[in-house]
Asker: 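This is the structure I want to talk about, given as structure tokens.
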Amino acid sequence: MPSYTPPLRDMQFVLHEVLGVTDELKALPRYADIDLDTINAVLEEGGKFASEVLLPLNAVGDAEGCTLDKATHEVKAPTGFKAAYAQYVEGGWPALSCDPAFGGQGLPHIVNQCLFEMLNSSNQAWTMYPGLSHGAYECLVAHGSEEQKRLYLGKLTSGHWTGTMCLTEPQCGTDLGLLRTKAEPRADGTYALTGNKIFISAGEHDMAENIIHLVLARLPDSPAGSKGISLFIVPKWKLKADGSLGERNGIWCSGLEHKMGIHGNATAQIVLEEAVGTLVGEPNKGLAAMFVMMNAARLGVGMQSLGLTEVAYQNAAAYAKDRLQMRSLSGAKAKDKPADPIIVHPDVRKMLLTARAYAEGGRALAMFTTLLLDKEIASEDEAVRKDSADLVALLTPIVKAFFTDNAWIATSHCLQVLGGHGYIREWGMEQFVRDARINMIYEGTNTIQSLDLLGRKVLSDSGARLKKFGKLVQEFVEEEGINEAMQEFVNPLADLGEKVTKLTTEIGIKAFKDPDEVGAAAVDYLRICGHLVYAYLWARMAKVALEKESGGDPFYVAKLATARFYFAKLLPETAGLIRTARAGVAPMMALDAALF
């Protein structure tokens, strides 16, 4: 069975030494009492839950999957999942970053994100149950009525109820304007929903008392397309006036998808037959309301891939230090053994360092983005809220797509390090690869994220959001430009920043003539921007490590070595990506569709 050690030292490094998170948070009134010891203690306990309770269930969930009773439409989660969830609820973990007004503990979102990285490393399929619930909570906080908040938020905060997002239908995925589920008004002010949903993660299970489905549907007089979509709360069990559970609602699971990975999470086909629901927000404004949950889910999917990258790296590194195979090309290193451990071979190190650099760079970006999210929500300065919101909007598609692409690369590399054993189930590595693959698809494919970044987040505002991030890069480059020790990091960062500016302008000009130019360049463009953000954060981490490595702590030595690897071996990928982005749409569209 794979092992997992929560990366607390690296988390503390990014939180306290790079981001100075306690000082940043203390500037926000709701977090004025936060302190370093509290953050560290919470993460230490969260790491114990992840590694001691969830990790042993990961292979169990993969082997067993979920079981549907077709007579009752009830789904049983894998062995141990329900008990682990009860322990999670008893420990107060669902309430960590929720508002105290709804029974939450009121800790910053950045602490919750660190927790979820560890949960995902240990067991992504299990973690999706509470992860989706948190998104439902955020959506209702933003758009729910006072009555809806009274009925639902306390139970979601405590974890006694879980949540889902019901968007996809058999005929529509990302293009939600095609959805057909209908919502008919009832005399009592509620609605009767009828339709079919598919691919609903955690859509049915036995781990919680109730499941709160957030469902997109159409009112009878709604406009066509995405402008005619409304959002509804549809609980599995109807609620009485006092909030207690009533009779079964007309929403049930008709089937479970048989998937490549994440077997322990119930990916449900959902049928609604005059299921009773209540409207969230305004009629025909449901998609905007649901985007609160969708954006939370996109950050959450990024954390899933970050978690898998870290656990895959840890196990591959441990294997490489133990597995004997051949001799080093430069001469025997383990002379007392019949062969050298494979970690002496350059390409094995390249694969390991790729995974490590993507894990540590991703961790820094996840925390950087979530700290901005805390500022967006909690700052009393309107300018700070606006700037933070703009940067979160810019970075969200990068977190989702760049993290998940990198996890696919990293977990595949780590499987390769294990050789034939990597392909064998009992070692656990092949599960990480299978689990990682879905993250590039759901919550908006990575192509959709790329179109969102380039089309909506960059070109639509003439690059205003991108310029805000560019200003951070420029300020850092100017501060460190005279520091000789930082030149190996600052110079390539500055160079890439200039190239991104030029490329953005070029694509924008071409897109005026042919909008398909955006589609042709978008995926390459997101990956280039992902590297720009990583390079900025790796340079910041290298600066701290350079200042502290003389103290003899091997942590800083390793951090610098990984930073140098990133800049030497991974960042140069951008040169090819810039070239392919500039190639334009013509090579893709020249072949007639009939000839494919």
Side-chain angles (χ1 to χ4, degrees), residues 1-4 6 46-69 74-91 93-94 115-134 159 162-164 199-208 211 253 255-269 297 300-301 303-312 314-315 404 407 411 414-415 422-439 441-442:
M1 184 182 79
S3 62
Y4 173 62
K48 290 178 182 177
F49 178 83
S51 59
E52 296 174 9
V53 178
L54 294 188
L55 183 67
L57 299 176
N58 197 37
V60 174
D62 186 57
E64 288 187 12
C66 299
T67 306
L68 170 66
D69 184 329
E74 298 287 337
V75 171
K76 182 180 179 182
T79 301
F81 272 43
K82 183 175 181 178
Y85 187 74
Q87 190 172 338
Y88 180 77
V89 170
E90 184 179 355
W93 295 109
L115 169 67
F116 267 76
E117 180 200 325
M118 296 185 287
L119 300 182
N120 280 306
S121 282
S122 298
N123 195 327
Q124 174 178 324
W126 183 96
T127 302
M128 290 169 66
Y129 293 99
L132 286 161
S133 300
H134 197 74
T162 61
T164 75
F199 300 159
I200 308 306
S201 299
E204 175 59 37
H205 58 83
D206 61 345
M207 290 165 55
I211 302 174
C253 175
L256 292 176
E257 305 294 352
H258 300 284
K259 310 184 297 293
M260 175 178 174
I262 55 169
H263 296 159
N265 194 268
T267 304
Q269 301 164 11
V301 171
M303 298 309 293
Q304 290 171 3
S305 282
L306 174 57
L308 289 171
T309 301
E310 174 65 31
V311 71
Q314 287 188 19
N315 284 273
T404 59
T411 56
C414 291
L415 185 148
Y423 210 63
I424 304 301
R425 177 167 294 181
E426 67 188 75
W427 287 81
M429 191 63 73
E430 58 87 37
Q431 183 188 345
F432 300 146
V433 177
R434 287 186 288 105
D435 286 354
R437 190 58 185 85
I438 184 61
N439 296 337
I441 297 173
Y442 61 7

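Positions are given from 1 along the sequence.
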Asker: Side chains of Cys414 and Asn315: closer than 4.5 Å at any heavy-atom pair?
Answerer: no
Asker: Would you say Thr79 and Glu64 are linked by a side-chain donor-acceptor pair, where the criterion is simply a distance under 3.5 Å?
Answerer: yes
Asker: Nearest 0.5 Å please: distance from the SG atom of Cys66 over to the NE2 atom of His263.
Answerer: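 Between Cys66 SG and His263 NE2, I get 10.0 Å after rounding to 0.5 Å.
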Asker: Looking at every heavy atom in both Met118 and Ala50, which two are closest together, and how far apart are they?
Answerer: O-CB, 3.5 Å
Asker: Decide yes or no on side-chain contact (heavy atoms from CB on, under 4.5 Å) for Ser201 and Leu132, but give the supporting numbers first.
Answerer: CA-CA 8 Å; Ser201 299; Leu132 286 161; 3.6 Å; yes
Asker: Nearest 0.5 Å please: distance from the CG atom of Asp435 over to the CD1 atom of Ile262.
Answerer: 7.0 Å
Asker: Should Glu117 and Asn120 count as side-chain neighbours, where that means a heavy-atom distance under 4.5 Å?
Answerer: no
Asker: Tell me every residue that passes salt bridge (Lys or Arg N to Asp or Glu O under 4.0 Å) with Lys48, counting only those two or more places apart in sequence or in another chain.
Answerer: Glu45
Asker: Please check if the side chain of Glu204 supplies one atom and the backbone of Ala268 the other of a donor-acceptor pair under 3.5 Å.
Answerer: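 The answer is no, because no donor-acceptor pair under 3.5 Å joins these two groups.
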Asker: Could you check if a side-chain atom of Pro130 sits within less than 4.5 angstrom of a side-chain atom of Trp93, using non-hydrogen atoms only?
Answerer: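 They are not in contact (no side-chain heavy atoms under 4.5 Å apart), so the answer is no.
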Asker: Return the minimal non-hydrogen interatomic distance between Ser122 and Ser51, and the atom names on each side.
Answerer: OG-N, 3.7 Å
Asker: Assign the ring pair His134 / Phe116 to parallel, tilted or perpendicular, where the plane angle (0 to 90°) is split at 30° and 60°.
Answerer: tilted
Asker: Do Asp62 and Arg434 touch side chain to side chain, with heavy atoms closer than 4.5 Å?
Answerer: yes
Asker: Could you report the tightest heavy-atom contact between Gly422 and Met429, atom names first, then the distance?
Answerer: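 So the two residues come closest at O-CB, 4.1 Å.
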Asker: In the structure I gave you, are the side-chain heavy atoms of Thr404 and Ile441 within less than 4.5 Å of one another anywhere?
Answerer: no
Asker: Any side-chain heavy atom of Leu119 sitting closer than 4.5 Å to one from Leu54?
Answerer: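 In contact.
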Asker: When you compare the side chain of Pro2 with that of Phe432, does any pair of heavy atoms fall below 4.5 Å?
Answerer: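 The answer is yes; the side chains approach within 4.5 Å.
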Asker: Rounded to the nearest 0.5 Å, what separation is found between the CD1 atom of Ile211 and the CD1 atom of Ile200?
Answerer: 11.5 Å
Asker: Report the C-alpha distance between Phe199 and Lys259 in whole Å, list the side-chain angles of each, state the deciding distance to 0.1 Å, and finish with yes or no for side-chain contact (heavy atoms from CB on, under 4.5 Å).
Answerer: CA-CA 10 Å; Phe199 300 159; Lys259 310 184 297 293; over 6 Å; no
Asker: Can you confirm whether Tyr4 sits close enough to Asn123 that some side-chain heavy atom of one is under 4.5 Å from a side-chain heavy atom of the other?
Answerer: no
Asker: Atom CG in Leu415, atom OH in Tyr423: separation rounded to 0.5 Å?
Answerer: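 Between Leu415 CG and Tyr423 OH, I get 8.5 Å after rounding to 0.5 Å.
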Asker: Of the non-hydrogen atoms in Pro78 and Gly65, which two are nearest, and what is the gap between them?
Answerer: CG-O, 3.2 Å
Asker: Could you tell me if His205 and Thr162 have a donor-acceptor pair between their side chains, going purely by distance under 3.5 Å?
Answerer: yes
Asker: Working to the nearest 0.5 Å, report the span between CE of Met303 and CG of Leu308.
Answerer: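 Taking CE in Met303 and CG in Leu308, the distance rounds to 11.5 Å.
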Asker: Ignoring hydrogens, what is the shortest heavy-atom contact between Tyr85 and Ala208? Give both atom names and the distance.
Answerer: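 The answer is CE2-CB, 4.3 Å.
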Asker: Under 3.5 Å, is there a donor on one side chain and an acceptor on the other for Gln124 and Asn265?
Answerer: no
Asker: Any sub-3.5 Å donor-acceptor pair from Thr164's side-chain atoms to Ala202's backbone N or O?
Answerer: no
Asker: Could you tell me which residues satisfy salt bridge (Lys or Arg N to Asp or Glu O under 4.0 Å) with Arg425, sequence neighbours excluded, listed by chain and number?
Answerer: Glu430
Asker: Val75 vs Asp206, test: side-chain contact (heavy atoms from CB on, under 4.5 Å). Steps then yes/no.
Answerer: CA-CA 6 Å; Val75 171; Asp206 61 345; over 6 Å; no
Asker: Quick one: are the ring centres of Phe49 and Tyr88 less than 6.0 Å apart?
Answerer: yes
Asker: How about Lys76: does its NZ atom have over 12 heavy atoms from other parts shown lying under 6.0 Å from it?
Answerer: no
Asker: For Asn58 and Gln431, run side-chain contact (heavy atoms from CB on, under 4.5 Å): C-alpha distance rounded to whole Å, both residues' side-chain angles, the deciding distance at 0.1 Å, then the answer.
Answerer: CA-CA 9 Å; Asn58 197 37; Gln431 183 188 345; 3.2 Å; yes
Asker: Looking only at heavy atoms, what is the nearest atom pair of Ala312 and Thr411, with distance?
Answerer: CB-CG2, 3.9 Å
